[in-house]
Novice: 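Structure provided below as structure tokens; questions to follow.
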Amino acid sequence: MPGSPRPTDVMVSCMASLIRDGESVYHGLTSQLPLLAMAYAWRRLGRRFTWLSVSESYMPPPETVRVLPSSGGPYAEPYGAGVVTTMDVFDLAAQGRIDVMFFGAAQVDAQGNTNLTVIGSYERPRVKLPGGAATAYLFPLVRRIILWARHDRRTLVERVDFITGPGRVRVERGLETLLCTNKALIEFTREGPILRALHPGISVEEARAGAGFDLLVEGEPRVLEAPDAIGMAIIEEHDPHGLRYLQRYG
Amino acid sequence: MPGSPRPTDVMVSCMASLIRDGESVYHGLTSQLPLLAMAYAWRRLGRRFTWLSVSESYMPPPETVRVLPSSGGPYAEPYGAGVVTTMDVFDLAAQGRIDVMFFGAAQVDAQGNTNLTVIGSYERPRVKLPGGAATAYLFPLVRRIILWARHDRRTLVERVDFITGPGRVRVERGLETLLCTNKALIEFTREGPILRALHPGISVEEARAGAGFDLLVEGEPRVLEAPDAIGMAIIEEHDPHGLRYLQRYG
Amino acid sequence: MPVAAEKLVGLREAVELVEEGSTITVSGITFSRNPTALVAALIERGARGLGFVDREPGLALDLLVAAGVVSSVRAAMATLELYGLAPSVRRAVEEGRVGFLEDTCGAVIAGLRAGAYGLPFMPVAGVLGSQLVELHEREDTWRVIRDPFGGGEVVAVRAIRPDVALIHAHYCDPYGNCVIEGPRYEDELKIRASRLVIVSAEEIVDTDALRRLPHPLSSTSLHVDAVVHAPGGAWPTAMHGRYGADWGAIEEYARMAREGRALEWFSKHLRPRLSGWGW
Amino acid sequence: MPVAAEKLVGLREAVELVEEGSTITVSGITFSRNPTALVAALIERGARGLGFVDREPGLALDLLVAAGVVSSVRAAMATLELYGLAPSVRRAVEEGRVGFLEDTCGAVIAGLRAGAYGLPFMPVAGVLGSQLVELHEREDTWRVIRDPFGGGEVVAVRAIRPDVALIHAHYCDPYGNCVIEGPRYEDELKIRASRLVIVSAEEIVDTDALRRLPHPLSSTSLHVDAVVHAPGGAWPTAMHGRYGADWGAIEEYARMAREGRALEWFSKHLRPRLSGWGW
């Protein structure tokens with residue numbers, strides 16, 4: 001019997017639901033949740049897309065994908081239809097041919113800017129974060145960026161301490177920027193961040209209280225579909241040891 | 001019994017003698033003579049160098065090399081130790097790590113400039129030549145360039161009709177530029193073109209008469225060594241059908 | 001961009017994708033891995049007035065020019081090697097029927113890299129001092145700029161983005177995931193720099209045949225628009241590991257092309273092969 | 001540049017080539033194909049104060065920082081992935097002992113390309129709008145320039161030319177002709193961009209074993225200065241087609257490094273392996 005969906009699993013299905021048929025989708029390092037979302041989109045939602053990865057394994061049979069402590073090693077997506085390098089994918093991105101990329105963030109602000117660089121000042125860091133990896137490079141280039149982050153006021157801030165990913169550039173250019181948190185789905189728009197959907201059992205007020213910026217609401221936000229038993233079975237097949245919960249999104 | 005050496009064969013051994021141990025040596029298209037020179041340098045002169053080619057075949061066993069109508073196809077140097085692309089070699093050249101390159105020329109002038117572009121004006125060509133290929137790119141980059149050309153006043157001119165290869169840049173930078181003709185070996189220097197050596201039986205006067213620019217002479221020019229019987233046997237092994245004579249250098 | 005859409009089409013369908021006024025590029029060099037099947041189909045279709053860009057083309061270009069398919073050329077060299085100047089190209093340029101912008105290998109590579117990498121331009125080493133610089137500054141394809149980090153003058157090459165790449169590969173799956181073996185020349189860049197990519201292949205294989213290849217794919221389905229099965233599709237040029245150049249046919253081409261009879265050669269040798277490639 | 005000189009040396013000799021004050025780069029990413037044997041030898045040698053540049057380093061970098069070998073870092077990300085921030089890097093940077101210039105993947109690739117291609121700089125797409133631009137303009141590693149062909153502003157990245165590349169490969173001949181299988185990351189660029197290249201390999205093979213490979217060599221003898229035989233030389237990181245990451249050892253590393261005991265882990269796990277690699 002698969003377990004009950006936890007907020008982490010709802011994040012996975014939320015991210016998965018944002019992938020559309022025919023798109024080219026890339027995930028990077030420390031991206032266990034995006035990896036699961038891609039597998040979920042393929043297997044549970046029946047989405048068909050081009051699967052690209054920092055592991056340079058291209059179009060692995062989704063059934064064979066496994067969550068490991070690294071989402072970039074050769075054994076997470078071991079049976080790809082060939083090696084396609086990250087350089088190759090990033091060149092496609094520069095040509096505007098990559099549709100979807102996932103990014104984590106330590107801070108996200110009202111404009112969709114993200115910070116993966118530093119808490120405090122760059123010169124005197126309070127916390128030295130891991131760095132944005134491809135964030136700065138890809139933010140102006142990829143059609144749809146799917147962020148994931150914790151839904152609290154330390155993470156969802158009025159202004160990021162450092163603009164690693166220029167969300168403002170994206171919003172200005174009309175590129176889609178969506179954020180899956182452990183409470184909600186937020187979209188960054190010219191009008192501001194809009195609360196698009198909520199995890200089951202989370203209220204608008206709760207979502208607003210957890211954000212350090214104003215969340216716009218248009219009508220009644222949808223309720224995100226939690227993975228059902230089939231969906232949970234799929235997630236657990238890919239992550240039997242529950243490594244996805246280690247990032248403590250609940 | 002191998003045949004007697006003809007001027008073409010002396011050109012081959014002349015070019016071969018300019019390759020030194022330890023160098024990186026590349027040849028391009030329509031380079032049947034350089035190909036033979038590289039094989040001759042390796043086998044007859046015992047020179048050991050890194051063999052690179054437009055055919056992208058790296059370090060072929062020199063014994064297996066064959067003269068074909070194309071010096072760029074996969075069967076002229078078929079048993080390379082791997083594929084090394086022209087791009088890779090040209091990047092090494094940009095870093096100053098390619099020592100020797102061969103170039104043909106329809107015209108060569110007193111400064112070592114070469115023309116492979118056009119006879120007449122570019123806009124109204126009397127003869128549209130094949131184009132310089134890598135000439136313009138590599139002239140400022142490669143340590144030693146070995147040119148080959150016909151020794152007559154149509155080819156060795158006071159000024160080329162079009163500067164495809166900027167020999168002047170080479171001379172100014174102290175890069176070596178040598179020309180093997182069917183009569184002589186000429187080096188382009190800051191002082192001007194110097195007659196370094198003559199084919200057997202060719203006089204200084206004859207060499208000077210065949211050049212449209214002044215040839216400097218320092219002392220008595222050397223006489224180039226024609227391939228001996230062993231050398232001719234090697235050349236004929238690589239080119240049993242005498243394709244090397246088709247370019248009519250004699 | 002459809003993903004798993006099959007792109008396997010006939011030769012006729014494939015070359016119908018080439019729009020009027022396009023600039024094309026081809027795989028291979030002089031007498032190696034030219035996409036002859038695709039070129040033959042383009043000629044048979046009666047395409048006219050296309051542009052052409054490549055580093056060191058040979059047979060394919062001369063044929064295309066002889067047939068009037070190509071009316072402007074940018075290349076570092078156009079040669080039939082030991083068989084002399086490319087006769088149709090030479091004649092057409094000398095008679096002013098075809099424009100020719102001479103380039104140089106390193107700069108063609110730089111331009112294709114910029115195109116493939118999604119960049120507006122790339123610097124290139126060397127070149128300065130050649131009169132080619134004047135030609136290209138006039139065409140606005142090169143600019144001499146200052147290294148922004150203080151290293152002096154350098155030539156910037158504007159991105160080369162051919163409209164169409166015609167590529168002959170060793171094998172390809174129906175989605176456009178292809179593998180070229182042996183010499184690559186700049187074909188993997190051409191695939192990435194071009195807006196529309198047509199791959200003909202010696203063999204069409206299942207995607208499974210590509211799994212666990214130790215080396216990167218030459219193209220992915222994201223790069224390729226149409227796939228054609230054309231065994232022997234580089235003939236009479238050489239195909240690494242499969243067949244050598246047919247020197248008899250090539251020598252005959254060179255002779256006939258010098259006599260202005262390139263199209264006769266086409267009718268005699270290439271046209272009859274079209275049906276074998278499913279025309 | 002000696003050609004056919006054998007470059008096969010012991011681990012000790014190899015790392016003695018790394019000069020004081022050098023900036024190094026390493027193969028692989030986070031937990032894949034790190035050149036752990038070479039890194040261990042560098043630590044054992046007692047090297048200090050080196051610079052480090054890479055795209056997405058993990059274990060190797062954290063170890064080098066913990067050991068004081070590296071005192072300044074330029075990278076797009078330094079992470080132990082699911083095991084959290086790279087603890088030694090984080091601590092050293094927060095305490096001001098190690099300088100960290102954050103970069104971004106596309107720009108690291110552009111800089112390595114410029115280095116590998118012998119160019120002073122390369123443009124890079126994206127990036128504009130990120131505060132990283134200010135950092136790099138201050139360091140003079142990036143400049144916002146105008147596209148000379150009128151396309152607007154673009155970031156130019158100064159060539160990255162590491163002094164030393166430490167590369168772990170699948171196989172290599174004694175001359176430095178090496179082959180990497182599976183994911184390449186930017187290792188083939190690192191080999192070409194670096195002034196001195198040390199390759200450790202799972203297998204040392206005859207040159208004949210490389211003949212008729214269908215794909216280009218990862219390095220040639222022209223690129224490589226020293227070759228070391230180090231089977232298992234990426235442990236505990238993964239080696240495509242040969243072995244997976246040793247997650248137990250890596251988890252233990254992460255835990256001990258967080259406690260400031262990274263060097264204890266080194267003594268317990270990596271130092272004992274040095275003799276197996278001929279130290």
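Just so you know, these numbers use all the heavy atoms, side chains as well, and skip hydrogens, waters and symmetry mates. The sequence lines fix the lettering, A, B, ..., with proteins before strands; numbering per chain opens at 1.
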Novice: Of the listed residues (A/Gly72, A/Gly73, A/Ser55), which shares the most heavy-atom pairs with chain D below a 4.5 Å separation?
Specialist: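 Most heavy-atom pairs under 4.5 Å with chain D: A/Gly72.
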Novice: Heavy-atom distances under 4.5 Å only: say whether A/Gln95 touches chain D with side chain, backbone, both or neither.
Specialist: neither
Novice: Quick check on D/Arg91 against chain A: is it the side chain, the backbone, both or neither that has a heavy atom closer than 4.5 Å?
Specialist: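 Neither; nothing under 4.5 Å.
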Novice: Give the member of D/Glu186, D/Arg33, D/Glu56 that has the highest number of heavy-atom pairs under 4.5 Å with chain A.
Specialist: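 Option with the top pair count is D/Glu56.
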Novice: Could you grab the distance from atom CD1 of A/Ile98 to atom CZ of A/Arg143, nearest 0.5 Å is fine?
Specialist: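 Here the rounded value is 9.5 Å.
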Novice: As an exercise: rank D/Val108, D/Val124, D/Leu132 by heavy-atom pairs under 4.5 Å with chain A and give me the winner.
Specialist: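 Heavy-atom pairs under 4.5 Å are most numerous for D/Leu132.
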Novice: Carefully, step by step, assess A/Asp9 and A/Arg244 under the rule salt bridge (Lys or Arg N to Asp or Glu O under 4.0 Å).
Specialist: CA-CA 8 Å; A/Asp9 302 303; A/Arg244 66 193 177 282; 2.7 Å; yes
Novice: Please classify the contact of D/Ile250 with chain A as side chain, backbone, both or neither, using a heavy-atom distance under 4.5 Å.
Specialist: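 Neither part, no heavy atoms under 4.5 Å.
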Novice: Let me confirm one number: the CG-OG1 distance from A/Asp109 to A/Thr155, rounded to the nearest 0.5 Å.
Specialist: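 Going from the CG atom of A/Asp109 to the OG1 atom of A/Thr155 covers 12.5 Å.
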Novice: Is D/Glu134 paired with D/Arg138 through a side-chain N to carboxylate O contact shorter than 4.0 Å?
Specialist: no
Novice: Is any side-chain heavy atom of D/Glu203 closer than 4.5 Å to one of D/His170?
Specialist: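 The answer is no, as the side chains (C-beta and beyond) never meet within the 4.5 Å cut-off.
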Novice: Mind telling me whether D/Trp265 and D/His269 have parallel, tilted or perpendicular rings, with 30° and 60° as the class edges?
Specialist: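 D/His269 and D/Trp265: tilted rings.
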Novice: A/Leu246, A/Val142, A/Leu129, A/Thr117: which one forms the most heavy-atom pairs within less than 4.5 Å of chain D?
Specialist: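 If we count pairs closer than 4.5 Å to chain D, A/Thr117 comes out on top.
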Novice: At a 4.5 Å cut-off on heavy atoms, which part of D/Ser130 comes close to chain A: side chain, backbone, both, or neither?
Specialist: both
Novice: Below 4.5 Å from any heavy atom of chain D, which atoms of A/Leu29 appear? Answer side chain, backbone, both or neither.
Specialist: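 Looking at A/Leu29, backbone and side chain both touch chain D.
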Novice: Check each atom of A/Pro130 against the heavy atoms of chain D and say whether the ones under 4.5 Å are side chain, backbone, both or neither.
Specialist: both
Novice: Listed by residue number, which members of residues 72-82 of chain D have a heavy atom under 4.5 Å from any heavy atom of chain A?
Specialist: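 The stretch touches chain A at D/Ala76, D/Met77, D/Ala78, D/Thr79, D/Glu81, D/Leu82.
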Novice: Measure the acute angle between the ring planes of D/Trp247 and D/Tyr83, then classify it against the limits of 30° and 60° as parallel, tilted or perpendicular.
Specialist: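 Plane angle between 30° and 60°, so tilted.
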Novice: Return the option, out of A/Pro69, A/Gly82, A/Pro125, with the maximum number of heavy-atom pairs under 4.5 Å with chain D.
Specialist: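 Counting heavy-atom pairs under 4.5 Å, the top option is A/Pro69.
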Novice: Hey, what's the ring geometry for A/Phe139 with A/Phe103, parallel, tilted or perpendicular (30° and 60° as the breaks)?
Specialist: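 Ring orientation, 0 to 90° scale: tilted.
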Novice: So which part of A/Arg168 gets closer than 4.5 Å to some heavy atom of chain D, the side chain, the backbone, both or neither?
Specialist: neither
Novice: What residue among D/Asp246, D/Thr36, D/Asn34 forms side chain to side chain donor-acceptor pair (under 3.5 Å) with D/Trp235?
Specialist: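 Single side chain to side chain donor-acceptor pair (under 3.5 Å) partner of D/Trp235 among D/Asp246, D/Thr36, D/Asn34: D/Asp246.
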Novice: Give, as side chain, backbone, both or neither, the part of A/Val84 having an atom under 4.5 angstrom from any heavy atom of chain D.
Specialist: neither
Novice: Using a strict cut-off of less than 4.0 Å between a Lys/Arg side-chain nitrogen and an Asp/Glu carboxylate oxygen, indicate whether D/Glu188 and D/Arg184 qualify as a salt bridge.
Specialist: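 Salt bridge: yes.
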Novice: Who wins among A/Ala136, A/Ser31, A/Gly167 for the most heavy-atom pairs under 4.5 Å with chain D?
Specialist: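 Going by pairs under 4.5 Å, I would pick A/Ala136.
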Novice: With rounding to the nearest 0.5 angstrom, report the CD to CG distance, D/Glu102 to D/Leu135.
Specialist: 7.5 Å
Novice: Check whether A/Asn113 gets within reach of chain D through its side chain, its backbone, both or neither, counting any heavy atom under 4.5 Å.
Specialist: neither
Novice: Does any part of the side chain of A/Trp51, heavy atoms only, come nearer than 4.5 Å to the side chain of A/Glu77, both counted from C-beta?
Specialist: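 Counting from C-beta outward, A/Glu77 and A/Trp51 do come under 4.5 Å.
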Novice: For A/Val118, is it the side chain, the backbone, both or neither that has a heavy atom under 4.5 Å from a heavy atom of chain D?
Specialist: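 Contact with chain D involves no heavy atom of A/Val118 at all.
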Novice: May I ask you to decide whether D/Arg55 forms a salt bridge with D/Asp103, counting only side-chain N to carboxylate O separations under 4.0 Å?
Specialist: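 Salt bridge between D/Arg55 and D/Asp103, a charged N being under 4.0 Å from a carboxylate O: no.
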Novice: Would you mind telling me which of A/Ser70, A/Ser57, A/Ser71 has the largest number of heavy-atom pairs within less than 4.5 Å of chain D?
Specialist: A/Ser70
Novice: Check whether the ring centres of A/Phe90 and A/Tyr26 lie less than 6.0 Å apart, and answer yes or no.
Specialist: yes
Novice: Please check if the side chain of D/Lys190 supplies one atom and the backbone of D/Val26 the other of a donor-acceptor pair under 3.5 Å.
Specialist: yes
Novice: Please determine, among A/Gln247, A/Glu123, A/Gln32, A/Lys128, the option with the most heavy-atom pairs under 4.5 Å with chain D.
Specialist: A/Lys128
